[in-house]
Number of protein chains: 2
Amino acid sequence: MKPKADKPGIKDVATRAGVSLGSVSRVINKVENVSPELRQRVLHAIAELDYRLNHAAQTLRSRSSRTIGCMFTDVTNPLYANLYRIYEERFRANGYMVLLANSLNNPEWELEILSMFQSRRMDGIIIAPGNERNASVLAAVQKIDLPAVILDRDMNVNQDLVLFDHAPAVQQAMEHLIDQGHREIALVISGTQTRPMLRRIEGYQAGFAARGLPARADLQVLLPASTAPAFDLVHELLQRPARPTALLTLGTSVLADVLNAIRAQGLRIPRDISVVSTGEPDFARSHQPRISSVTVDLDAAVRESTALLLTRIREGRAAAPRRVVVPTIFTLRGSCGPAPATAPRTR
Amino acid sequence: MKPKADKPGIKDVATRAGVSLGSVSRVINKVENVSPELRQRVLHAIAELDYRLNHAAQTLRSRSSRTIGCMFTDVTNPLYANLYRIYEERFRANGYMVLLANSLNNPEWELEILSMFQSRRMDGIIIAPGNERNASVLAAVQKIDLPAVILDRDMNVNQDLVLFDHAPAVQQAMEHLIDQGHREIALVISGTQTRPMLRRIEGYQAGFAARGLPARADLQVLLPASTAPAFDLVHELLQRPARPTALLTLGTSVLADVLNAIRAQGLRIPRDISVVSTGEPDFARSHQPRISSVTVDLDAAVRESTALLLTRIREGRAAAPRRVVVPTIFTLRGSCGPAPATAPRTR
DNA sequence: TTGTAAGCGTTATCAG
DNA sequence: CTGATAACGCTTACAA
């Protein structure tokens, strides 16, 4: 009796089934040319031995890990949590696993994660670096020689891009508010120099411009991050002599802080103040009144980026980089109303 | 000139640096016995060639993937999103990557994910299966021959366990509410047959029992999932002839729905109704009044489970399974007050 | 249709 | 301290 302590390998399966190594591999990989009888014997042996394929060996030899890497800033951000879940589902359907890494906006980690993706020979990666202006991150992204899709970042690199078209819908929201008599419209978002935020500011300013109004820098509240506490800042904002009568805010936990600050101030939505959020966090779904919002169709975004990546994986890095723009939609709901008749002063 | 199209390997580095294969490996793996001069040469060659370690080959040979697998039901649940982020940070500090897989409560996926963890030779796994009663999942978990930690699940298996001690703090919250005159105390949680929920129900009933009151089944609202919409059910609950004067609820998006339903009903917290949540979602941090809560110290939970897993990885599967209980704490805040003086009737 | 044998890029075990 | 050499467990030509 041989003390075979180690896990059974394809070899053990082969001897057990009385066939050759190659045949077992063919059965496992569902190659066509196998007689049903042989397949049965192999399957049987596999079950008996409780054989598990060794993914490392398979990857090494076949040069494919059947894995997709995702680098986001923070799963704690519902946008990324949802994205990740949908990606996982879609890629799983295509036989891929999905690996998630949070960069937490740390440029060094972003470099490390990218390097790790390469050394693990990911079949493809989907990334939304937090530091789209950082020189070394930019260089690293440019140099990636894996099939890659960059998600909603303005990086001038030779990679496939999926961009959300934030500005137009934000502008549309602004125009609606202005047409409803609002003038003091605040913007509460993250101040990170990153595409979504910059584009939103763009739309915000374009909205004023389209109605012949000057953009107001003093009404922009820029937080350190998308999930930073915003209560105090908004509270302060609402206590100004000429407080905003409308507010456009991030649809993360920032929205919760905004709603709480509004409530703490004794203001009613939409009577005293109108609210629009960019994105819709779960907790907002039951809010009364419903919050108007500027959203991107997540399923569409995932569909597009998945298709892009799978194509890139198929065609290799030779083909020219592609770029897909996913539209963004303004949905008007109960949280928006006309500006209060009396000019708002300190209460 | 040789058309070396392929990525450079350790071999190329060796010839380039004029040293042997083994020496390069020694440098890469930071083994002590290398002369500084040789190390420099190798490091230089690595930089010149932009050499990337092949993780698959490394894993195959060294029998360690330096990867930890996590299986949770859904990253969209803030509890898991936060847990994952902390795990990633801690394991990264120990040189491990973390792989996340969402089972979405689907038993077949749970089996598939567990099998994938084994074939990828994870160095360790942390799992919280959604189906702790499912026979095949249970069997699969029992059979896991990887270092594993099971997170807050009552599974009678030979694996390390980290359990949150939900019941006592819930009971404490109940006793406080009862002592404040509350009798109609509702429980709004998920009806999944899973440890956290069952333990909370246990604490809920124990609270009544401790004060000599009968447990009331009609005040328990069981949702299909931890993130299921709860607005309508709670709204209905609050319209009953004898509506609850206090409410204990899940600290997920369910809490948001509860707060919205209370507000929609025109009730004030804590004057008309007291609220306690199990866990504190981000959006609740700025709520006024602050929500009393029953929480587990996530950092402690992560610390314990990380330590347990690392120990298990070090010691192997020989040592007897360990079990760690992480306490849970009731924090009294402004959302709790005395029961309304007048017996609550329909408004 | 099936068997045979040569690697994939590392690490580990020896000698030197 | 360094160099040669044999695995690790699989896929994939190529032969039979």
Side-chain angles (χ1 to χ4, degrees), chain A residues 4-43 45-46 49-67 95 115-116 118-123, chain B residues 4-43 45-46 49-67 95 115-116 118-123:
Chain A
K4 246 307 208 185
D6 256 2
K7 290 206 186 70
I10 207 176
K11 204 164 198 163
D12 305 281
V13 177
T15 49
R16 176 96 181 191
V19 299
S20 78
L21 234 72
S23 298
V24 177
S25 177
R26 271 167 225 134
V27 170
I28 291 171
N29 294 296
K30 306 194 173 73
V31 180
E32 55 291 354
N33 296 332
V34 272
S35 71
E37 194 259 351
L38 188 148
R39 149 168 294 122
Q40 274 317 309
R41 286 232 303 282
V42 171
L43 256 28
I46 287 179
L49 295 173
D50 191 30
Y51 161 75
R52 307 264 167 195
L53 203 129
N54 184 321
H55 181 255
Q58 185 175 240
T59 299
L60 176 58
R61 184 60 235 244
S62 70
R63 305 169 153 284
S64 162
S65 64
R66 304 299 300 173
T67 308
S115 154
M116 182 227 82
Q118 326 234 136
S119 83
R120 297 206 174 207
R121 301 290 191 276
M122 295 287 146
D123 286 348
Chain B
K4 245 311 207 182
D6 255 3
K7 293 207 185 68
I10 208 176
K11 206 164 198 164
D12 304 281
V13 175
T15 50
R16 175 97 181 191
V19 299
S20 80
L21 232 71
S23 298
V24 177
S25 178
R26 271 167 223 132
V27 171
I28 292 171
N29 294 298
K30 306 197 175 71
V31 180
E32 55 291 353
N33 297 332
V34 271
S35 71
E37 195 259 351
L38 188 148
R39 150 169 290 122
Q40 274 316 309
R41 287 232 302 283
V42 171
L43 255 29
I46 286 179
L49 295 172
D50 190 32
Y51 161 76
R52 308 261 167 197
L53 204 131
N54 184 320
H55 182 256
Q58 186 175 240
T59 299
L60 175 58
R61 186 61 238 240
S62 71
R63 304 169 154 285
S64 161
S65 64
R66 304 300 298 172
T67 309
S115 155
M116 184 227 79
Q118 326 235 136
S119 83
R120 297 205 173 210
R121 301 294 192 271
M122 294 287 146
D123 286 348

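Computed over heavy atoms, backbone and side chain alike; hydrogens, waters and symmetry mates excluded. Naming: A, B, ... by sequence-line order, numbering from 1 per chain.
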request  = Would you check if A:Arg16 and A:Val24 make a side-chain contact, meaning some heavy-atom pair closer than 4.5 Å?
outcome  = no
ask   = Base, sugar-phosphate, or nothing: which does B:Ile28 touch, judged by heavy atoms less than 4.0 Å apart?
value = nothing
remark   = Taking C:dT11, C:dT2, D:dC10 as options, the one with an atom nearest any side-chain atom of A:Gln58 is D:dC10
key: Qualifying residue, where the test is side-chain contact (heavy atoms from CB on, under 4.5 Å) with B:Arg120 and the options are A:Asn54, A:Thr67, A:Thr59   = A:Thr67
ask   = Does a distance-only test, which skips hydrogens and angles, find a donor-acceptor pair under 3.5 Å between the side chain of A:Arg121 and the base of C:dG9?
value = no
task = For B:Arg120 and D:dG9, give me the distance from atom CZ to atom P, rounded to whole Å.
result = 18 Å
request  = Kindly point out which of C:dG3, D:dT11, C:dT13 is positioned nearest to the side chain of B:Arg26?
outcome  = C:dT13
request  = Mind calculating the distance between CD1 (A:Ile10) and C1' (D:dT12) to the nearest angstrom?
outcome  = 12 Å
query = Does a side-chain heavy-atom distance below 4.5 Å link B:Val34 with B:Val42?
reply = no
ask   = With a non-hydrogen cut-off below 4.0 angstrom, is A:Ser25 in contact with a base, only sugar-phosphate, or nothing?
value = base
key: Side-chain heavy-atom pair A:Arg121, B:Lys7 within 4.5 angstrom cut-off   = yes
key: Closest-nucleotide 5' rank along DNA chain D - winner of B:Gly18 and A:Val24   = B:Gly18
task = Nearest whole angstrom, please: distance from the C1' of C:dT11 to the CG of B:Leu21.
result = 9 Å
inquiry  = What is the distance, to the nearest angstrom, from the OH atom on B:Tyr51 to the C1' atom on C:dG9?
reply    = 7 Å
key: B:Asp50 CG to B:Arg52 CZ distance, which is reported to the nearest 0.5 Å   = 5.0 Å
message = Does D:dG3 have OP1 or OP2 under 4.0 Å away from a side-chain N or O of B:Ser23?
response = yes
request  = With the side chain of B:Ser20 defined as its heavy atoms from C-beta on, choose the nearest nucleotide among C:dT4, D:dA4, C:dT1.
outcome  = D:dA4
ask   = If each of A:Arg52 and B:Val19 is mapped to the nucleotide of DNA chain D with the nearest heavy atom, which maps nearer the 5' terminus, i.e. the 5' end?
value = B:Val19
query = Which nucleotide sits closest to the side chain of B:Asn54: D:dA4, D:dT11, C:dT10?
reply = C:dT10
ask   = Looking only at side-chain N and O atoms, does B:Ser35 come under 4.0 Å of OP1 or OP2 in D:dT2?
value = yes
message = Just the rounded figure in Å: distance from C1' of C:dG7 to NZ of B:Lys11.
response = 10 Å
ask   = Starting at CD of B:Gln118 and ending at C1' of D:dG9, how long is that distance when rounded to a whole Å?
value = 17 Å
Polar pair under 3.5 Å, donor/acceptor by atom type, side chain A:Arg61, base C:dG7 = yes
ask   = Quick one: B:Leu49 CG to C:dG9 C1', roughly how many Å, whole number?
value = 15 Å
ask   = Can you tell which of C:dT10, D:dC8, D:dC10 lies closest to the side chain of B:Ala57?
value = C:dT10
task = Classify the nucleic acid contact of A:Arg63 as base, sugar-phosphate or nothing, counting any heavy atom under 4.0 Å across all strands shown.
result = sugar-phosphate
key: Validation row: B:Gln40, B:Glu37 side chains within 4.5 angstrom (heavy atoms)   = no
key: Separation of atom CG in B:Asn29 from atom P in C:dG9, rounded to whole Å   = 17 Å
